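First listed ligand is number 1; within each ligand, the first listed atom is number 1. Here the structure is a predicted model, which means the values were calculated and not measured. Computed over heavy atoms, backbone and side chain alike; hydrogens, waters and symmetry mates excluded.
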Amino acid sequence: MKKHICSPLIGLAIIFAAQFPASAENNQKLEVFSWWTSGGEAAALDALFQTYKRQYPGIEIINATVAGGGGSAARPVLQTRLAGGNPPDTWQTHPGWELLGQYVEAGYCLPIGDIYKSEGWEKVVPQQLIDLLSRNGKPYAVLCGIHRGNDLWYNKKLLDKNGITVGDSMSFDEFFAACEKLKAAGITPLAVGDSGIWATAQLFENTLLGTVGPDAWKALFSGKMSFDDPKVKQAAKTYGRMLDYQNPDHSALTWDQATKAVMEGRCAFTSMGDWAHGEFTKANLEDNKDFGWVTCPGTNGAFIIVADGFPLAKGAPHSEAATDWLKSIGSKEAQEAFNPLKGSIPVRTDVDKSKFGPYLQWSMQSFSKDALLPSVVHGEAAPAAFQQALNDAITQFVVDKNAEALSAALVQAAKDSNIAK
Ligand code: BGC
């Protein structure tokens with residue numbers, strides 16, 4: 001009798017299992033896709049994983065990374081997966097054009113307003129940030145931290161030894177005077193690691209902002225000012241002048257290897273987002289003692305935002321685990337563990353600020369009062385086609401230093417990507 005009752009149930013179970021292979025088991029996994037592979041980046045990512053494991057035990061994390069700063073190698077891999085209907089559960093992305101234009105528009109992400117509500121984030125995440133992630137009033141990603149793109153880092157001991165003092169801000173003239181002094185002393189003034197071209201494109205981005213200022217920055221990326229403007233050409237010339245002071249092996253180095261050249265005193269300065277601070281932290285170097293920082297020349301009072309977020313994939317293989325991941329990275333605990341290692345500031349306003357060192361305190365201050373601007377190099381200010389055209393034009397510029405040609409390429413890119421009206 002017993003046999004008769006059980007066997008149809010077992011049969012049903014077998015049919016069910018065949019139709020929905022290991023759905024329960026699958027939910028014990030989570031695939032997180034990112035390009036966080038440098039020393040500082042990997043340590044910070046691990047802090048997110050450890051926090052998640054504490055908050056949601058028993059889930060196996062698949063750490064899907066594709067090396068290459070700025071996501072230059074990761075994004076094409078991701079695009080292929082998304083287009084092929086094989087999404088990771090969640091992936092690293094920047095707000096603005098990258099998230100909304102590339103992923104939300106194409107239907108790859110689900111809206112997550114219900115998570116914002118259940119976690120009470122509307123009270124602790126500034127609305128201005130939520131807006132950067134939202135389409136038609138619905139948020140599509142959770143930010144784990146905010147980087148500042150326009151920083152100039154330096155080896156403090158090396159500058160002290162050469163009698164160079166950096167104040168609270170730096171003009172282009174002061175920067176070039178320091179470079180001349182260092183060069184005369186036989187020291188390479190500027191470290192660049194543009195084996196991924198984005199790193200030198202970012203040096204141009206910072207120089208452009210330092211030359212045109214925040215209002216013109218907004219005007220350029222909303223089509224109200226042309227890239228043919230004399231100020232853009234002036235920025236290109238200044239950038240070209242900076243390249244005269246860079247390390248000869250720049251094209252063989254990654255951004256973190258360039259940062260290392262500064263740490264080790266082989267070069268004095270590097271212009272890089274504050275993920276470089278994650279490298280200093282990883283190497284146990286001390287703020288204001290071993291290294292220092294200042295806003296990139298001319299950019300005092302402006303903060304280029306490079307924020308990192310994660311969306312929920314439509315068709316996520318492990319959607320429950322992915323939802324928990326988003327809840328976790330937005331939690332106070334995760335934000336306090338991740339950001340001091342990553343070199344970014346938290347998104348939440350209710351974190352314990354004492355957990356953040358001098359640089360990050362400074363960056364938080366800057367964020368609270370400075371002009372906040374999107375980065376073009378990190379996919380926020382303009383469509384991907386513009387970002388690509390900029391990288392191509394910079395690749396050419398590094399060789400020929402032709403300011404007219406760079407400006408003309410950007411004019412064309414603005415037209416092609418519908419920035420220019
Ligand atoms: C990301 C950072 C990352 C940097 C270098 C940026 O696009 O926002 O999180 O550390 O690239 O890889």
Between W35 and R75, is there a cation-pi geometry (under 6.0 Å to ring centre, at most 45° from the normal)?
yes
Name the residues with a heavy atom less than 4.0 Å from ligand 1?
W35, W36, E41, G69, G70, Q92, H94, H147, W255, W275, V306, D308, K342, H378
Do the two ring centres, one from [X] and one from [Y], sit under 6.0 Å apart?
X    : Y    : answer
W293 : F280 : no
F338 : F49  : no
W97  : F386 : no

State which residue, out of V306, I304, I345, N339, fulfils the side chain to side chain contact (heavy atoms under 4.5 Å, CB included) condition with H147.
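Filter result, single survivor: V306.
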On the 0 to 90° scale, with breaks at 30° and 60°, tag the H378-W275 ring pair as parallel, tilted or perpendicular.
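Correct class here is perpendicular.
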